[in-house]
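See structure below.
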Amino acid sequence: MASASPEPAATETGDSVKIRRLEIADRERGFLPLLSQLSSCPDLTESEFAACFANLAALGDDHVILVAEDPAAAPERRILSTGCLFVERKFLRGGGKVGHVEDVVVDAAARGRGLGLRVVRRLVETAKDAGCYKVILDCTPELRAYYAKCGFVEKGVQMAVYF
């Protein structure tokens, strides 16, 4: 999930935006307000964020959170996009693994730059490298075309129970 040091820069588009793993310092770079653009995400104190970060980091490569940041926007290095991959281990397919993409969001002010696509593609690459036999995600009907651009095809029906 998280890392104390960033991954190498991914600058496929030639801009200064870097895709890397979530760092604990990203709380101060707007990570939680960014997630609030996706769904309810109350602010966490520094210690609450650190505890959550540690719990997720303990899952290692079975829980990867990537962020897109612009280091050129120093000193704040604001987080522009994020997405998560968690790996489900199964008995099916001889102990196979399924990657689940979750919590993909691009800051409203940074949309249209391909950042979400870059994050999703990196998450899919990460799942493939981890030996997953498929990657799945849930989305709203209006995002079908967007995720089709990311290589996903519609399959099945999502069902949920909320508590």
Side-chain angles (χ1 to χ4, degrees), residues 1-3 6-23 26-27 29-44 52-53 56 59 61-73 76-90 93 96-163:
M1 183 290 304
S3 169
E7 291 184 346
T11 57
E12 301 101 49
T13 60
D15 61 12
S16 62
V17 173
K18 178 170 59 171
I19 309 292
R20 60 167 175 77
R21 284 186 153 202
L22 181 72
E23 299 172 359
D26 291 333
R27 178 184 178 274
R29 295 181 184 128
F31 179 69
L32 295 175
L34 175 63
L35 285 177
S36 292
Q37 294 182 40
L38 179 66
S39 188
S40 174
C41 184
D43 194 19
L44 299 174
C52 188
F53 184 93
L56 294 174
L59 299 173
D61 288 339
D62 282 350
H63 196 101
V64 176
I65 298 175
L66 296 181
V67 297
E69 71 160 348
D70 188 352
E76 72 275 356
R77 293 172 48 199
R78 189 170 61 95
I79 302 302
L80 303 174
S81 180
T82 188
C84 171
L85 169 76
F86 74 88
V87 176
E88 174 189 7
R89 295 172 181 272
K90 305 179 83 68
R93 296 191 178 230
K97 301 179 203 176
V98 174
H100 296 261
V101 171
E102 293 280 341
D103 304 337
V104 176
V105 62
V106 177
D107 185 270
R111 292 182 186 152
R113 296 171 53 186
L115 298 175
L117 178 65
R118 288 173 59 190
V119 167
V120 170
R121 284 184 175 163
R122 283 283 296 276
L123 292 170
V124 170
E125 288 172 20
T126 302
K128 185 177 179 182
D129 292 346
C132 293
Y133 67 88
K134 71 177 177 179
V135 177
I136 58 177
L137 61 79
D138 294 321
C139 69
T140 59
E142 52 272 5
L143 289 174
R144 286 178 180 147
Y146 176 79
Y147 285 108
K149 284 189 222 174
C150 296
F152 287 82
V153 295
E154 191 170 341
K155 176 132 176 141
V157 175
Q158 176 197 34
M159 306 288 288
V161 174
Y162 287 90
F163 301 101

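Since the structure is predicted, the reported quantities are computational estimates derived from the model, not experimental observations. Along the sequence shown, residues carry numbers from 1.
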**Message:** Please determine whether side-chain contact (heavy atoms from CB on, under 4.5 Å) holds for the pair Val101 and Val135, giving the CA-CA distance in whole Å, both sets of side-chain angles, and the decisive distance to 0.1 Å.
**Reply:** CA-CA 7 Å; Val101 171; Val135 177; 3.5 Å; yes

**Asked** Hey, what do you get for CD1 (Ile136) to CD (Glu102), rounding to the nearest 0.5 Å?
**Response** 8.5 Å

**Item:** Worked verdict on Val120 versus Tyr147 for side-chain contact (heavy atoms from CB on, under 4.5 Å)
**Value:** CA-CA 9 Å; Val120 170; Tyr147 285 108; 4.1 Å; yes

**Item:** Residue pairs passing the salt bridge (Lys or Arg N to Asp or Glu O under 4.0 Å) test where at least one lies in residues 145-160, sequence neighbours excluded
**Value:** Arg144-Glu154

**Message:** I need the Cys132 SG to Leu85 CG distance, nearest 0.5 Å.
**Reply:** 6.0 Å

**Fill in**
Sorted by chain and residue number, the side chain to side chain donor-acceptor pair (under 3.5 Å) partners of Ser40 (sequence neighbours excluded) come out as none

**Asked** Any side-chain heavy atom of Thr82 within less than 4.5 Å of one from Val105?
**Response** yes

**Request:** Could I get the full list of side chain to side chain donor-acceptor pair (under 3.5 Å) partners for Arg93, not counting sequence neighbours?
**Result:** none

**Item:** Taking every non-hydrogen atom, the tightest pair across Pro71 and Ser16
**Value:** CD-O, 3.0 Å

**Request:** First locate atom CG of Asp43, then atom CG of Leu35, and finally report the distance between them rounded to the nearest 0.5 Å.
**Result:** 11.5 Å

**Item:** Check: Arg78 and Asp70 side chains under 4.5 Å, non-hydrogen atoms
**Value:** no

**Straight-line distance of Ile79 CD1 to Asp26 CG, nearest 0.5 Å** = 4.0 Å

**Prompt:** Quick one: side chain to side chain donor-acceptor pair (under 3.5 Å) partners of Asp103, sequence neighbours excluded?
**Reply:** none

**Prompt:** Side-chain contact, heavy-atom cut-off 4.5 Å: Thr140 with Gln158?
**Reply:** no

**Prompt:** Does any pair with a residue in residues 128-137 pass side-chain hydrogen bond (donor to acceptor under 3.5 Å, both in side chains), and if so which ones, sequence neighbours excluded?
**Reply:** none

**Request:** Mark yes or no for whether Gln37, through its side chain, and Ala108, through its backbone, hold a donor-acceptor pair below 3.5 Å.
**Result:** yes

**Asked** Would you call Arg113 and Asp107 a salt bridge, taking side-chain N to carboxylate O under 4.0 Å as the test?
**Response** no

**Message:** Return the CZ to CG distance between Arg27 and Leu22, rounded to the nearest 0.5 Å.
**Reply:** 12.5 Å

**Item:** Heavy-atom check, side chain of Val119 versus side chain of Arg122, under 4.5 Å
**Value:** no

**Message:** Between Ser36 and Leu32 (side chain of the first, backbone of the second, donor and acceptor by atom type, cut-off under 3.5 Å), is there such a pair?
**Reply:** yes

**Message:** Between the side chains of Asp62 and Arg89, is the shortest nitrogen-to-carboxylate-oxygen separation below 4.0 Å, so that they form an ion pair?
**Reply:** yes

**Asked** Would you say the side-chain atoms of Lys97 pair up with the backbone N or O of Ala130, donor to acceptor, closer than 3.5 Å?
**Response** yes

**Item:** Close side-chain approach of Leu117 to Tyr146, heavy-atom, < 4.5 Å
**Value:** yes

**Prompt:** Do Val67 and Arg29 pass the side-chain contact (heavy atoms from CB on, under 4.5 Å) test, and can you show the C-alpha distance, the side-chain angles, and the key distance before you say yes or no?
**Reply:** CA-CA 11 Å; Val67 297; Arg29 295 181 184 128; over 6 Å; no

**Prompt:** In chain order, what residues pass the side chain to side chain donor-acceptor pair (under 3.5 Å) check against Lys90, with sequence neighbours excluded?
**Reply:** Glu88

**Prompt:** What distance separates Leu34 CG from Cys41 SG, expressed to the nearest 0.5 Å?
**Reply:** 9.0 Å

**Message:** Apply salt bridge (Lys or Arg N to Asp or Glu O under 4.0 Å) to residues Arg21 and Asp61 and explain how you reach the verdict.
**Reply:** CA-CA 11 Å; Arg21 284 186 153 202; Asp61 288 339; 2.6 Å; yes

